[in-house]
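Below: the structure, in structure tokens.
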Amino acid sequence: MISIALVEDDRELAEWIRDYLKAKQYAVQVYHDGLTAYQALSANTPDLIILDGMLPSMDGLEVCKLLRLKSDVPIIMLTARDEEIDEILGLEMGADDYLTKPVRGRLLETRIKSLLRRTTSTTSTVELDTISLGNLVICKPTRQVTLNGASLKLSSNEFDVLWLLAKQAGQVVSRESLSQQLRGFEYDGFDRTIDLRISRLRKKLLDDAGEPYKIKTIWGKGYLLCAEVWQ
């Protein structure tokens with residue numbers, strides 16, 4: 001399911017957009033002020049952001065500018081004012097598209113689909129080879145992992161698990177998905193191979209054995225590599 005972050009201080013409008021997009025099978029997380037949204041989205045980037053231009057605590061244009069320094073995530077700016085200068089400012093801050101209020105659901109969905117197609121087409125041919133999460137750096141070509149600048153000795157199997165989790169940092173990865181990608185067959189509900197790899201990996205990442213916070217077990221769903229703890 002495609003994840004969308006909606007940053008809008010008009011709660012009634014935010015609820016309407018959220019409900020509309022959820023009905024279209026998007027996963028929507030809503031934020032009502034700029035600073036909270038910036039902090040959350042810096043740690044966990046969604047597939048697309050819908051960002052109001054006027055927000056409390058941090059202006060939407062500033063949020064857009066700062067997020068663009070960290071990520072190429074598609075951003076659609078919203079504004080209540082139909083003025084060319086607002087559109088220019090939004091685009092200069094790094095927004096990919098622009099819509100004025102009142103928002104029309106069908107048009108918003110069309111813009112979302114268009115942006116996601118563009119993003120997919122420009123990134124599908126580029127193979128991600130290094131993932132950096134704060135002080136955790138994972139390099140696929142050399143299969144090297146460093147934590148706090150120190151190299152970790154991981155087995156091939158442990159590296160493969162970490163790489164798959166890191167590619168979806170901040171999101172739950174199911175045991176079924178891990179089993180299919182790592183072993184080539186469906187998880188049967190009894191095989192503990194994936195669980196053992198995760199256990200060994202946690203030790204090497206200095207995770208808390210009693211209450212893991214770096215690689216969390218989401219009961220009944222799978223595992224989640226936290227994106228915000230590697231500082």
Can you give me the closest heavy-atom contact between [X] and [Y], atom names plus distance?
| X | Y | result |
| --- | --- | --- |
| L206 | Y213 | O-OH, 4.3 Å |
| Y31 | A37 | CB-CB, 3.7 Å |
| G34 | S57 | N-OG, 3.5 Å |
| S42 | L67 | OG-CD2, 4.1 Å |
| K214 | L205 | NZ-O, 2.7 Å |
| L115 | I75 | CD1-O, 4.4 Å |

Test applied, salt bridge (charged side-chain N to carboxylate O under 4.0 Å, His left out); reference residue, E109; option that passes from R111, K113, R106: K113
Can you find a pair of side-chain heavy atoms, one from [X] and one from [Y], that are under 4.5 Å apart?
| X | Y | value |
| --- | --- | --- |
| L147 | N135 | yes |
| L107 | L99 | yes |
| W16 | R11 | no |
| T130 | K140 | no |
| E15 | R18 | yes |

By the rule that ILVMFWY residues connect when side-chain heavy atoms come within less than 4.5 angstrom, directly or transitively, which residues belong alongside V172? I218, L224
Does [X] use its side chain to pair, donor to acceptor, with the backbone of [Y] at less than 3.5 Å?
| X | Y | result |
| --- | --- | --- |
| S71 | V73 | yes |
| K204 | K153 | yes |
| D47 | S3 | yes |
| S174 | S177 | yes |

Evaluate the side chain to side chain contact (heavy atoms under 4.5 Å, CB included) criterion for residues M54 and D59: first the C-alpha distance (whole Å), next the side-chain angles of each, then the deciding distance (0.1 Å), finally the verdict. CA-CA 6 Å; M54 299 290 289; D59 184 80; 4.0 Å; yes
What distance separates [X] [atom1] from [Y] [atom2], expressed to the nearest 0.5 Å?
| X | Y | atom1 | atom2 | result |
| --- | --- | --- | --- | --- |
| L35 | L55 | CG | CG | 11.0 Å |
| R197 | L164 | CZ | CG | 9.5 Å |
| Y223 | R202 | OH | CZ | 6.0 Å |
| L154 | F159 | CG | CZ | 8.0 Å |
| L6 | L78 | CG | CG | 7.5 Å |
| D208 | I215 | CG | CD1 | 13.0 Å |

Would you say M1 ends up clustered with L108 if hydrophobic residues are merged whenever their side chains have heavy atoms under 4.5 Å apart, either directly or through other cluster members? no
Transitive ILVMFWY side-chain link L225 to V137, under 4.5 Å: no
Salt bridge or not between [X] and [Y]? Use side-chain N to carboxylate O under 4.0 Å.
| X | Y | value |
| --- | --- | --- |
| R175 | D195 | yes |
| R143 | E158 | no |
| R68 | D96 | yes |
| D10 | K101 | no |

Check the side chains of T110 and R104 for a donor-acceptor pair under 3.5 angstrom, ignoring hydrogens and angles. no
By the definition side chain to side chain contact (heavy atoms under 4.5 Å, CB included), identify the one residue from I2, L41, I4 that meets it with P46. L41
Residues at least two apart in sequence or cross-chain that pass ring pair (Phe, Tyr, Trp, His ring centres under 6.0 Å) with Y26, listed by chain then number, are none
For V28 and V30, what are the C-alpha separation, side-chain angles and deciding distance, and is it a side chain to side chain contact (heavy atoms under 4.5 Å, CB included)? CA-CA 6 Å; V28 183; V30 179; 4.2 Å; yes
Go through L201 and S199 one step at a time and tell me if the side chain to side chain contact (heavy atoms under 4.5 Å, CB included) criterion holds. CA-CA 5 Å; L201 190 55; S199 179; over 6 Å; no
Set out, in order, the CA-CA distance, both residues' side-chain angles and the distance that settles side chain to side chain contact (heavy atoms under 4.5 Å, CB included) for V161 and I198, then state yes or no. CA-CA 7 Å; V161 172; I198 294 289; 3.4 Å; yes
